[in-house]
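Below is one structure, written out as structure tokens; comments come after it.
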Amino acid sequence: MARLEYSLTEVQDWKRRSERLVRASGLPYTIVRPGWFDYNRPDEHRLLFLQGDSRQAGNSSDGVIARRQIAEVLVHSLISNHAIRKTFELVATKGPAQADLDA
């Protein structure tokens, strides 16, 4: 069985291509790029919705997020008109969780 090996650049190229195809489909979408899973500190509950894909250190310094927080945002994006046709990086920071994700 042949082993497939991809460089990080190739993987990122495929991810960008798939996002472009989703956007070009004309269907409603929300693209969420979560930070590093489950590296949160106990006081990191405030969600940050960032744009621009500027965090590219390749480690948890890019931002962290709990799986539970990712799930909450994904479920909320299904019912929120504010999330339609949006792409964002999702990380958590120090502070309490916000009650209104649309804001």
Side-chain angles (χ1 to χ4, degrees):
M1 180 183 307
R3 181 172 173 204
L4 296 176
E5 293 187 25
Y6 295 101
S7 72
L8 184 56
T9 304
E10 289 173 310
V11 171
Q12 290 172 335
D13 288 344
W14 279 105
K15 287 174 69 174
R16 279 191 289 273
R17 181 174 185 249
S18 64
E19 288 181 7
R20 283 194 304 268
L21 291 171
V22 167
R23 288 186 194 100
S25 73
L27 298 170
Y29 67 85
T30 304
I31 297 172
V32 179
R33 300 175 184 148
W36 287 72
F37 293 11
D38 297 332
Y39 280 80
N40 296 56
R41 292 188 180 104
D43 62 350
E44 292 180 319
H45 301 286
R46 182 154 195 79
L47 297 175
L48 295 178
F49 300 87
L50 307 169
Q51 292 190 314
D53 201 14
S54 60
R55 297 177 177 217
Q56 298 184 4
N59 59 43
S60 61
S61 71
D62 284 336
V64 297
I65 188 80
R67 292 169 198 262
R68 176 189 50 77
Q69 292 170 304
I70 298 168
E72 288 173 7
V73 169
L74 293 175
V75 170
H76 183 76
S77 71
L78 293 172
I79 60 171
S80 172
N81 288 332
H82 295 352
I84 296 173
R85 301 195 191 311
K86 296 285 191 307
T87 300
F88 55 87
E89 289 77 40
L90 177 64
V91 297
T93 190
K94 186 176 181 178
Q98 55 269 57
D100 182 10
L101 296 181
D102 284 338

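By convention here, the first residue in the shown sequence is residue 1. The figures that follow rest on heavy atoms only: side chains count, while hydrogens, waters and symmetry mates do not.
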Q: For residues Leu47 and Gln69, report the shortest heavy-atom separation together with the two atoms involved.
A: CD2-NE2, 3.7 Å

**Q.** Nearest-0.5 Å distance, NE2 of residue His82 to CZ of residue Phe49
**A.** 11.5 Å

Q) Just how far is it from atom CD1 of Ile84 to atom OG1 of Thr30, taken to the nearest 0.5 Å? A) 7.0 Å

Q. CZ of Arg68 to CG of Asp38: how many Å apart, nearest 0.5 Å?
A. 10.0 Å

Q) Cluster question for you: counting only ILVMFWY and a side-chain heavy-atom cut-off of under 4.5 Å, with indirect links fine, are Ile70 and Trp36 together? A) no

**Q.** Candidates Arg16, Arg17, Arg23 - the one meeting salt bridge (charged side-chain N to carboxylate O under 4.0 Å, His left out) with Glu19
**A.** Arg23

Q.
Taking NZ in Lys94 as the centre, count heavy atoms belonging to other residues, nucleotides or ligands within less than 6.0 Å. Is the count above 12?
A. no

Q | Hydrophobic cluster identity match, Val32 and Phe37, side-chain contacts under 4.5 Å | A | yes

Q | Shortest non-hydrogen separation from Leu27 to Arg85 and the atoms involved | A | O-NH1, 3.0 Å

Q: Give a yes or no on whether the backbone of Thr87 and the side-chain of Gln51 come within a donor-acceptor separation of less than 3.5 Å.
A: yes

Q) Is a side-chain donor or acceptor of Glu89 paired with a backbone partner of Gly35 at a separation under 3.5 angstrom? A) no

Q: Determine yes or no for a side-chain-to-main-chain donor-acceptor pair under 3.5 angstrom, with Ser77 supplying the side chain and Leu74 the backbone.
A: yes

Q | Taking every non-hydrogen atom, the tightest pair across Tyr39 and Glu44 | A | O-OE1, 4.3 Å

Q: Decide yes or no on side chain to side chain contact (heavy atoms under 4.5 Å, CB included) for Leu50 and Phe88, but give the supporting numbers first.
A: CA-CA 5 Å; Leu50 307 169; Phe88 55 87; over 6 Å; no

Q | Other residues, nucleotides, ligands: >12 heavy atoms within 6.0 Å of Tyr29 OH | A | yes

(Q) Looking only at side-chain N and O atoms, does Asn40 offer a donor or acceptor that is under 3.5 Å from a partner on His45? (A) no

Q | Non-hydrogen atoms of Ile65 and Pro34 that approach each other most closely | A | CG2-CB, 4.0 Å

